[in-house]
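Down below is the structure, laid out as structure tokens.
Indexing begins at 1, ligand by ligand and atom by atom, following the structure's order. Quick note: numbers below take in every heavy atom, side chains included, and nothing from hydrogens, waters or symmetry partners.
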Amino acid sequence: MKASADLVGRTLAEVAKLVEPGVTTLTLDRVAEDYVRSHGAEPAFKGYKIGQLPPFPGTLCVSVNDVVVHGIPGGYTLKEGDLLSVDCGVRLDGYFGDSAYTFAVGEISEEDTRLCQVTYEALNAGVARAVHGNRIGDISYTVQSYCEERGYGVVRDLVGHGIGRKLHEDPQVPNYGRRGTGRKLKQGMTICIEPMINRGTHAVNTGSDGWTIRTADGAPSAHYEHMVVVRRGQPEVLSTFAYIEDVIQAPYRKAVLTDG
Ligand code: MG
Ligand code: MG
């Protein structure tokens, strides 16, 4: 699982090298797919099925501005000031990896920079709660209160999850909830913590393609995701943003407390 998570981090760094105005999201997706396959893994999202929907067609979810998550790669050309969330999953030797990062395309507004910073910090605050003896609700509450105190909307319709031999396993890891509630966290549990945070309200809608999730009020949204093993005393973060942040000038790096 560590190898899978590491490959996701390296794939996102390959994407990071290309994020600039004029590039299509399909280009990012092709580069990611080639990179994943050339390292002996399979894209985890490509062909993923939910109910009667057509299978997800991309290696990446590319979610621009008011798209929260699950944006389909295509002909959209990135432009200066866009906020681009990229989510990547792989399967390597039978185990899944899953992590996400929100990129600035060129210069973004101060408001969007702040959104990214708060989401990033909320992720790290949530990760710090992933220790043996806590409960899922301790993570949920920490993420929710951190973001809501700063005036942001916390998406409720989508949640983090367990991960392992399947991409999505129990337990669900909501980004909202009450302290001391929910499943007890135990040494060795591996979960994905992934706050999806809006500059407006928490409400979201699903687009006509059945996949694309947008904010209901059109406000921009950010998304960061880490894959974490619950340990005694301190969590073990399997995914890493270090490769990405070697590529971009990350303004939030100082805030990283627990990133492995
Ligand atoms: Mg993900
Ligand atoms: Mg996930």
Side-chain angles (χ1 to χ4, degrees), residues 1-16 25 28-29 32-33 35-36 41-50 55-64 67-73 83-92 95-103 116 119-120 122-124 126-127 130 136 139-140 143 154-176 183 185 189-197 204 211-213 221-230 235 237-241 243-244 259-260:
M1 291 177 81
K2 189 161 194 165
S4 298
D6 194 76
L7 179 58
V8 172
R10 289 180 185 276
T11 305
L12 289 172
E14 291 303 303
V15 171
T25 56
L28 302 179
D29 194 69
E33 181 170 356
Y35 192 83
V36 168
E42 293 159 34
F45 302 163
K46 197 167 183 135
Y48 193 86
K49 286 185 182 168
I50 299 178
F56 191 82
T59 291
L60 304 174
C61 296
V62 286
S63 304
V64 180
V67 178
V68 179
V69 287
H70 303 169
I72 295 175
L83 211 52
L84 170 71
S85 299
V86 180
D87 197 342
C88 182
V90 304
R91 182 167 170 266
L92 178 64
Y95 289 94
F96 284 89
D98 183 12
S99 177
Y101 199 92
T102 299
F103 298 93
C116 290
T119 307
Y120 193 105
L123 169 60
N124 285 320
V127 166
I136 291 287
I139 297 171
S140 306
V143 171
V154 177
V155 173
R156 294 163 180 241
D157 295 21
L158 299 123
V159 297
H161 51 93
I163 187 167
R165 288 186 176 276
K166 290 185 191 160
L167 177 59
H168 296 123
E169 297 183 352
D170 283 342
Q172 292 197 341
V173 186
N175 296 300
Y176 64 97
R183 181 91 70 88
L185 299 173
M189 282 174 68
T190 306
I191 55 176
C192 288
I193 302 173
E194 45 179 319
M196 290 152 261
I197 307 299
V204 298
W211 286 105
T212 307
I213 308 289
S221 187
H223 178 215
Y224 295 85
E225 176 178 18
H226 265 322
M227 200 172 139
V228 182
V229 187
V230 172
V237 184
L238 296 184
S239 50
T240 175
F241 297 151
Y243 306 121
I244 299 169
D259 185 0

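Closest N/O/S atom of E194 to the Mg ion (ligand 2): OE2. The name of the N, O or S atom in E225 nearest to the Mg ion (ligand 1) is OE1.
Between K2 and D6 there is no salt bridge, since none of the side-chain N atoms of the basic residue sits less than 4.0 Å from a carboxylate O of the acidic one.
Metal site remark for the Mg ion (ligand 2): H161 contributes an N, O or S atom at a distance under 2.8 Å.
Here the two rings, on Y48 and H168, have centers that are under 6.0 Å apart. Ring centroid separation for the pair H226 and F241 comes in under the 6.0 Å cut-off.
Rounding to 10 degrees, one finds that the Mg ion (ligand 1) sits at the corner of an angle of 150° between D98 OD1 and D87 OD2.
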V69 and C61: CA distance, side-chain angles, deciding distance, side chain to side chain contact (heavy atoms under 4.5 Å, CB included) verdict | CA-CA 7 Å; V69 287; C61 296; 5.9 Å; no

